[in-house]
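Throughout, protein chains are lettered first and strands after them, A, B, ... in sequence-line order, and every chain is numbered starting at 1. This one's a predicted model, so the numbers in the text were calculated from it and none came from an experiment.
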Amino acid sequence: MGSLGLLLKPEIQTHNALTDVSFEIEAGSFTGLIGANGAGKTTLLKILSGLIPPSSGEALVLDENPFKRSMSFRRQISLVMGQKAQLWWDLPAVDAFDLLQAIFEIPKKTYQERLTTLTELLDVTRLLNTQIRRLSLGERMKMELIGALLHWPKIIFLDEPTIGLDILAAHKLREFLKVFNHKEKATIILTSHNMDDIERLCSRVIILRAGKTIYDGTPTGLTNEGERRLRVRLMQTPTLAELCQITGLPAERIELQKIGNEEASEKNEGESETPIQPTHDSVLFSIGQEQIVGVLQALMGRVQIIDMGIEQQSLEHVIQKLYSEERASV
Amino acid sequence: MSLGVLGWRWAALRNGLQDATAYRIEFLFEFLGSAFVPAAVQWIVWYALFQLGGATTVAGMTYVDMIQYTLMSVLFTQIRGGDQDFELQEMIRTGGLSNYLLRPVGVVEFVFIRGLAPKLFIAGFCLVIGFAISLFFPFSALRMLGAMLLALMGNIIHYQLGAALSTVAFYWEEAFAMLMVKNLIVSLLSGEKIPLNLIPEAYSWIWKSTPFYLYVFAPTQFALGRSSITQFAGELLLSLVWVVACWGLIRLTWGLSIKRYLSLGG
C-alpha cells in the first residue's frame, strides 16, 4: 500500500548540500577542500565550475557568474573528477588530446610543446597511443589530468584526483601539481580524502561539515604547530580522572586507547601492520613540546611506564576527530 | 591547417569516426546486419503476398516495385539517425554531461557532429552502392545524390527531435522509454518498414504531418524516380523548415531545463 501511495504521490525530500559557505580565494593559490562524505565539497566545486547554480547566494569566479558558462570562462577553467572519465574509452589518449587542441584552439606548436611537457612530467609519453580502456587507473588519471590542462587553465578544480592511485603514482601526481601551480601560477582548488594531498600541496584548507565551513586557514593552524602527542604504555592504566590528577592536564588533552581500539585506530592511520602486538593500553597526551618532560616526570613518580613515544600531531588525526565529532552530533 | 568556420567541427567529425570504427569488424557487422536483416524480412513478406498469395499489385505497386523499394529504402534507413539522443539522455541522467558543459562548444552540436561522422561514412558507402545499382536498373545517379542529401537532412531532424526529447531526463531523470517510443513511431512512419502509400489515403495525413517520411520514404521515392523534381524541391525546403523549427525547439527546451541539471555521480 505504501509503495502504491508513493507511485501516485512521490515523496520528495529537499536536502541543502551547502548552507553557510563564504570565502574568497587568492589567484595562484592552492586550496584544499576537505570534509566527510556528503559534506558538500563536490557540490561546491560544481557551483564554482558552473555546472549547477546555487539555489541562493552568489558565486563569482574570474569576476563572472560561473553558471552563465561564457565561452571565455570555459576556456579559463578546468574540472577533473577522479571518479568521472572525460576521455573516450575506446580511443587512444592522443586522439582525444588532438580534439581538445581543436576545441580550445591551441596553436599547433604550443600544443606540441605542452603535450611533451605534460607527458614527460607525468611519465606517460609511451602510452599516448594506447587505448584509454587498456590503461591502468593511475595512467588513466594522468591522461585525464593532461586533457584537463592542455589549454593551460587559470583555475583548476580537482575532485579527488589521487583516488585509487598507488603511492608512487599519487606522489608523482602531487609533485606535478605542485610544479604546475608554482610555475604557471594557476589557482588550484582540490578536494581529497587523502591528507597527504592536503598537507603537501595546500597552503590553505577549508573544512566543510554538513554544508558549513568549520575551518578556513592554514593546515599547520589545524594541527597546532608545536603541539605533540606523547604516547605512553603503562603497566597498569589509571582512570582518566587519576591521569588528570597526576599530570595536571585537562581531560580533553588525554586520550585513553584500549588495545583493540588502538589497533583499529592505527590501521585507520595507514599503519596496516604492527610488528609487535601491544599488551597494554596506551595513553595519548596532546601537549606542547615544553610540557613533555614535566608530564613524564609526574607519571614516573606514580606509575610504571613500559614504553613511550612522541608523535607530531597529524592532520589526518585532527580530521578524524572532526569527522567523529560530526557523526556523534548527527 | 586552419579550417576556418569548420574549426573544432572537423576535428570532432574525425574523432567521431575514429571512435565509431575503433572496432572495425563490429562496425561492419552492425552496418550489414541492420541493412540485410530488415530487407530479408520485407522480401519474405512481399514474396508471400505476391508469389504465394497471388496478388499482382498492392496499392499500385508490383512485386518488382516492392523489391526495388526495399533495396533502396534499406540504404536510406542506414542514414536515418544514430543513438546520439540516447547518449544525451544518458549523460543527463548519469552526470556525464558535465564533461561537455565545461568545454567551449555547444554540447548538443558537439554530440551530434561526433555521431554524424560514421553516418557520413555510411552515406558515402551507400552512395557507391546506389551508383552501382543505377548501372543495372533505370535509376539516375543524380537523383541518388539528391535523395541522399534529403536523407541527411532527415538525419539532422531525427537527432534534433531526440535532443529536444532527451531534456525530459532533466525532469524525470530518464527519457529512455520516450526516445524508444519515438524511434518505434519513426520506424513505422518513415517508410523503412513499408512504403507509406500502403497506408490508406484517409490516414495519410498522419505520416504527412510528421517530418519522419522525409528520412526514408521521400528519398527512396525520389531515387526510384517515383516523385518529381518539384516534389523533391518542396520536400527539401520542408526539411529545411523542420531543421530551423527544431533548432528553435532545442534552444527552448535546453535553455529551460539545463537549470535543473544535477551533475550527479561526482
Is chain B contacted by the side chain of A:E160, its backbone, both, or neither, given a heavy-atom distance below 4.5 Å?
neither
Segment of B:L262 engaging chain A (4.5 angstrom heavy-atom cut-off):
backbone
Between B:R103 and A:Q86, what is the shortest heavy-atom contact and its length?
NH2-O, 3.3 Å
Leading residue by heavy atom contact count with chain B [cutoff under 4.5 Å; candidates A:I77, A:I103, A:I52]:
A:I103
From B:D19 atom CG to A:W89 atom CH2, the distance as rounded to the nearest 0.5 Å
12.5 Å
Part of A:F73 lying under 4.5 Å from any heavy atom of chain B:
neither
More than 12 foreign heavy atoms under 6.0 Å from CZ of A:F104: is that the case here?
yes
Partner of B:P104 under side chain to side chain contact (heavy atoms under 4.5 Å, CB included), picked from A:R69, A:E105, A:Q76, A:M71, is A:M71
Here the pair of heavy atoms bringing A:W88 nearest to B:R114 is NE1-NH1, 3.2 Å
For atom OH of B:Y171, is the number of surrounding heavy atoms from other residues, nucleotides or ligands below 6.0 Å larger than 12?
yes
For atom CD of B:E174, is the number of surrounding heavy atoms from other residues, nucleotides or ligands below 6.0 Å larger than 12?
yes
Residue B:E173 excluded, over 12 heavy atoms near CD under 6.0 Å:
no
Are the side chain of A:R74 and the backbone of B:L102 linked by a donor-acceptor contact shorter than 3.5 Å?
no
With a sphere of 6.0 Å drawn around OH of B:Y23, does it hold more than 12 non-hydrogen atoms of other residues, nucleotides or ligands?
yes
Over 12 non-hydrogen atoms of neighbours within 6.0 angstrom of CZ in B:F36:
no
Does any heavy atom of chain B fall under 4.5 Å from the side chain of A:L100, the backbone, both, or neither of them?
side chain
Looking at every heavy atom in both B:F110 and A:L99, which two are closest together, and how far apart are they?
CZ-CD2, 3.6 Å
Honestly, the part of B:A12 sitting under 4.5 Å from a heavy atom of chain A is both
Near A:K154 NZ, under 6.0 Å, is it more than 12 heavy atoms from other residues, nucleotides or ligands?
no
To the closest 0.5 Å, what do you measure between CZ (B:R14) and CG (A:D95)?
8.0 Å
Say you draw a straight line from CG of A:L51 to OH of B:Y261; how long is it, rounded to the nearest 0.5 Å?
6.0 Å
Enclosure of B:L32 CG (heavy-atom neighbours >12, cutoff 6.0 Å)
yes
Measure the spacing between CG of B:N15 and CZ of A:F97 and express it to the nearest 0.5 Å.
12.0 Å
Check whether A:A148 gets within reach of chain B through its side chain, its backbone, both or neither, counting any heavy atom under 4.5 Å.
neither
